[in-house]
Amino acid sequence: MTSAASDVDAPVTPRIVLGVGGGIAAYKACEVLRRLTESGHSVRVVPTEGALKFVGAATFEALSGQVVSADPFDDVHEVPHVKLGQNADLVVVAPATANLIAKAAHGLADDLLTNTLLTARCPVLLVPAMHTEMWEHPATQHNVQLLRSRGVTVAEPASGRLTGKDTGKGRLPDPAEIVELARLLLVRPDALRRTLEGVHVAISAGGTREPLDPVRFIGNRSSGKQGYALARVAAQRGARVTLVAGNTADLATPSGVDLVRVGSAVELRDVMHKVSADADVVVMAAAVADFRPSSLTGHKIKKTDGDPDPITLTKNPDILVELVSARRTGQLIVGFAAETGDETTSVLDYGRAKLRRKGCDLLVLNAVGDGKAFEQDDNAGWLLSPDGDETPIPHGPKTQVASAVWDAVSSRLTDSQ
Ligand code: CTP
C-alpha cells in the first residue's frame, strides 16, 4: 500500500497506570500487566487495599518493575497522589468494582487510586467486574452513565462464570481483550464513545470452508481478526452485536457479543439473511469462497479408490449483493475488499469498481500481499462510499480500523434520523 495511510503518533513508551480494585478478578490484573509490559508499555500498578488482599504487592512489583502502593502517604515527597495521574498516558482500572465505580463517579479520593482518577487528564478505561445483581443495580448503572457522560470509558463486562458457581453478566473480560481496548484508547482516545446505543449490528467474520468430503474442505487464510475487532468495538460502543463466524484463528468471543458459528458459504448466506432481517447495520467482513466443489462425497475419498476425479466447482451466491438487494429502508450495508494492484489498475481503482458492483453503502478497502492484512494484528486502508468519499484509514490495530468504520456508520445513522 502507498503511504496515503500514515502512522498515528502514539507515545513512544506509553505510561499506563493500572488500577486494581478489590474483587476476586484482581488475579487477572497480573495477566493484563504482563501483556502490557511485554508490548512495551511502562506500567505503574496502583491497587486498592482490597486488591492487596487478593494479590500481594510483591507480585505486581515483580511483574511491573516499579514500586507498588495503595497509600497516598507512601513516598509523600514524590507527591504520588497528583503525579501519577498527571503523568499517565492512560489509566486502566481492571477490575473496577461497584464500590470503585461509585467513588469515581462521585469524586471521592480516599486512597492512591481514587486520587489518581481525579488528577488524570488522559483517557480512563474502567473495566467492571462484579456480580450481575451489583452490575444491574440502578445505583451502579447511574454511576456508569455519569462516568460515560464525562468521557470515561466504562467497558461492557463479559457474561459467564462469576465468583461462585453462578453465571451472568459482570465477568471481567479476558485480559487480552482489556489490553486490546487499552491499546486502542492510546491511539484513539474517543474510539469507544457510545455512538451505537440501541443499534443492532450483524457482522460476518472469518473464512468459509467448502467441503469436499467429510474430512476435507477448500478454505482460505482469513483469521477473522478484523471481523472480531469490529464486533468488539461495536459492543463497547453500545450496540447489540450478532457475530456470524466461519473458520477463524483461535479468537476469544468479544464481551457482550452473540456468536453464531457457520461452515460453508451457503450456511453463512442463510444465517446472514436471517440475522440481517432485524439488523440496522450489516457488515460483511467474512472471506467468502467464491466457488464450492460441485459435489460432496458422502464418504472419505480414499487413495485406494484409484485416481481422483478432477474437482469441479460451482459458483457460490454473492451474499453481499443479495443482502444489498434485500436491504430494508434505513439499513446500512458495509462490504470489505482485499485487493492487490497490478500494472494497469491500482488498489483504489479495484476498490471503486467493487463498490459499484456490490452496491453497498460503505466499502472498507485493504491492500493485501507482502504480508499485509491477512492474519495480521494491524491493518490500514480506505473507506469508500458511493458519493465519492474516500477516507484513508491510518495504519494501526484492527480495532482502530473498526473505530473508523463505526464512526462512518454512526454519522450516517445520525444523518438518516
Ligand atoms: N462476498 C460475499 N459473497 C461472496 C463473495 C464475497 O458476500 N460470494 C463479500 C465479502 O464478504 C466482502 C465483499 O463481498 O464484503 C468483497 O469480497 P471479495 O472477495 O473482495 O470480492 P469478490 O466478490 O469475491 O470479487 P473478486 O474476488 O473477484 O475480486
Notebook entry, point to check: Which atom names give the shortest non-hydrogen contact between Ile178 and Pro173, and what distance separates them?
Noted result: CD1-O, 3.4 Å

Notebook entry, point to check: For the residue pair Phe291 and Lys315, what are the closest heavy atoms and their distance?
Noted result: CD2-CA, 3.7 Å

Check: What residue pairs, at least two apart or across chains, pass salt bridge (Lys or Arg N to Asp or Glu O under 4.0 Å) with a residue in residues 379-396?
Finding: Arg352-Glu390

Item checked: Partner residues of Arg183 under the side-chain hydrogen bond (donor to acceptor under 3.5 Å, both in side chains) criterion, sequence neighbours left out -> none

Notebook entry, point to check: When you check the gap from the basic side-chain N to the acidic O, do Lys398 and Glu180 get nearer than 4.0 Å?
Noted result: no

Margin query: When you compare the side chains of His81 and Thr119, does any donor N or O come within less than 3.5 Å of an acceptor on the partner?
Written below: no

Item checked: Set of side chain to side chain contact (heavy atoms under 4.5 Å, CB included) partners for Thr414, sequence neighbours left out -> none

Checklist line | Backbone of Ala289 reached by a side-chain donor or acceptor of Thr208 within 3.5 Å | finding: yes

Check: Does the side chain of Gln66 pick up a donor-acceptor pair with the side chain of Ser42 at under 3.5 Å?
Finding: yes

Check: Under the salt bridge (Lys or Arg N to Asp or Glu O under 4.0 Å) rule, what pairs show up with a residue in residues 104-114, not counting sequence neighbours?
Finding: Lys103-Asp110

Item checked: Heavy-atom side-chain proximity of Val283 to Phe336 below 4.5 angstrom -> yes

Next item on the list: Report the residues that fulfil side chain to side chain contact (heavy atoms under 4.5 Å, CB included) with Ala29, sequence neighbours left out, ordered by chain and then residue number.
Entry: Val20, Phe60

Next item on the list: May I ask you to test the Ile218-Pro293 pair for a side-chain heavy-atom distance under 4.5 Å?
Entry: yes

Next item on the list: Verify, without hydrogens or angle tests, whether Ser416 (side chain) and Gly330 (backbone) share a donor-acceptor contact under 3.5 angstrom.
Entry: no

Check: Taking it one step at a time, do Val266 and Glu210 satisfy side chain to side chain contact (heavy atoms under 4.5 Å, CB included)?
Finding: CA-CA 9 Å; Val266 170; Glu210 309 303 318; 5.7 Å; no

Check: Considering only heavy atoms from C-beta outward, does the side chain of Asn115 approach that of Val82 to under 4.5 Å?
Finding: no

Next item on the list: Can you see which heavy atom on Ala229 is nearest to which on Thr399, and at what distance?
Entry: CB-N, 3.8 Å

Notebook entry, point to check: Are the side chains of Asp290 and Leu313 in touch, meaning some heavy atoms are under 4.5 Å apart?
Noted result: no

Check: What residue among Arg171, Arg240, Arg194 forms salt bridge (Lys or Arg N to Asp or Glu O under 4.0 Å) with Glu156?
Finding: Arg194

Check: Do Leu348 and Leu384 have side chains that get closer than 4.5 Å, going by heavy atoms?
Finding: yes

Note to self: If the test is side-chain contact (heavy atoms from CB on, under 4.5 Å), which one of Leu63, Val92, Val179 qualifies with Leu33?
What the structure shows: Leu63

Next item on the list: Determine whether the side chains of Thr297 and His299 contain a donor N or O and an acceptor N or O closer than 3.5 Å.
Entry: no

Check: For His395 and Gln400, what are the C-alpha separation, side-chain angles and deciding distance, and is it a side chain to side chain contact (heavy atoms under 4.5 Å, CB included)?
Finding: CA-CA 8 Å; His395 186 261; Gln400 188 183 327; over 6 Å; no

Item checked: Glu322 side chain vs His273 backbone, donor-acceptor pair below 3.5 Å -> no

Margin query: Quick check on side-chain contact (heavy atoms from CB on, under 4.5 Å): which of Val187, Leu90, Leu186 does Pro14 satisfy it with?
Written below: Leu186

Checklist line | Short side-chain to backbone donor-acceptor contact, Asp213 and Ile301, under 3.5 Å | finding: yes

Notebook entry, point to check: Rounded to the nearest 0.5 Å, how far does OG of Ser403 lie from CG of Leu230?
Noted result: 9.0 Å

Item checked: Pairs involving residues 405-417, ordered by first then second residue, that meet salt bridge (Lys or Arg N to Asp or Glu O under 4.0 Å) (sequence neighbours left out) -> Arg188-Asp407, Arg193-Asp407, Arg237-Asp407

Notebook entry, point to check: Any side-chain heavy atom of Val281 sitting closer than 4.5 Å to one from Leu413?
Noted result: yes

Margin query: Check whether Ser264 reaches the backbone of Glu267 with its side chain - one donor and one acceptor, N or O, closer than 3.5 Å.
Written below: yes

Distance-only criterion, 3.5 Å: show the donor-acceptor pairs between side-chain atoms of residues 44-55 and protein atoms not counting sequence neighbours.
from	atom 1	to	atom 2	distance (Å)
Arg44	NE	Val67	O	3.1
Thr48	OG1	Gly22	N	3.4
Thr48	OG1	Gly50	N	3.4
Thr48	OG1	Ala51	N	3.1

Item checked: Residues forming a side-chain hydrogen bond (donor to acceptor under 3.5 Å, both in side chains) with Thr97, sequence neighbours excluded -> none

Item checked: Ser149 (side chain) donor-acceptor with Leu146 (main chain) under 3.5 angstrom -> yes

Checklist line | Heavy-atom donor-acceptor pair, Glu177 side chain to Pro254 backbone, under 3.5 Å | finding: no

Item checked: Test side chain to side chain contact (heavy atoms under 4.5 Å, CB included) applied to Lys274 - qualifying residues, sequence neighbours left out -> none

Item checked: Check: Asp89 side chain, Arg15 main-chain N or O, donor-acceptor pair, under 3.5 Å -> yes

Check: What closest approach, in Å, do Ala235 and Gly256 show between heavy atoms, and which atom pair accounts for it?
Finding: CB-O, 4.2 Å

Item checked: Residue list, side chain to side chain contact (heavy atoms under 4.5 Å, CB included) with Pro175, at least two apart or on another chain -> Lys28, Glu31, Val32, Arg35

Margin query: Does anything in residues 120-137 form a side-chain hydrogen bond (donor to acceptor under 3.5 Å, both in side chains)? List the pairs, not counting sequence neighbours.
Written below: His131-Asp166

Notebook entry, point to check: Atom CG in Asn316, atom CZ in Arg292: separation rounded to 0.5 Å?
Noted result: 5.0 Å

Notebook entry, point to check: Which atoms form the tightest heavy-atom contact between Ala120 and Val91, and what is the distance?
Noted result: CB-CG2, 3.9 Å

Notebook entry, point to check: Judged by atom type as modelled, is there a donor-acceptor pair below 3.5 Å linking the side chain of Ser223 to the main-chain atoms of Thr248?
Noted result: no

Notebook entry, point to check: Do other residues, nucleotides or ligands put more than 12 heavy atoms under 6.0 Å from the CZ atom of Arg34?
Noted result: no

Margin query: Keeping Thr140 on the side-chain end and Ala98 on the backbone end, is there a donor-acceptor pair under 3.5 Å?
Written below: no

Next item on the list: Determine, stepwise, if the pair Leu181 / Val233 fulfils side chain to side chain contact (heavy atoms under 4.5 Å, CB included).
Entry: CA-CA 8 Å; Leu181 298 179; Val233 174; 5.6 Å; no

In a table with atom names and distances, give each donor-acceptor pair under 3.5 Å that connects a side chain of residues 354-365 to protein atoms at least two apart or in another chain.
from	atom 1	to	atom 2	distance (Å)
Lys354	NZ	Glu339	OE2	2.6
Lys358	NZ	Asp318	OD1	3.3
Lys358	NZ	Asp318	OD2	2.6
Asp361	OD1	Arg327	NH1	3.0
Asp361	OD2	Arg327	NH1	2.9
Asp361	OD2	Ile333	N	2.7

Check: What heavy-atom pair brings Ser64 and Thr37 nearest, and what distance separates the two atoms?
Finding: CA-CG2, 4.4 Å

Next item on the list: Please tell me if the side chains of Thr59 and Tyr27 come closer than 4.5 Å, counting only heavy atoms from C-beta onward.
Entry: no

Item checked: Val199 side chain near Asp280 side chain, heavy-atom distance below 4.5 Å -> yes

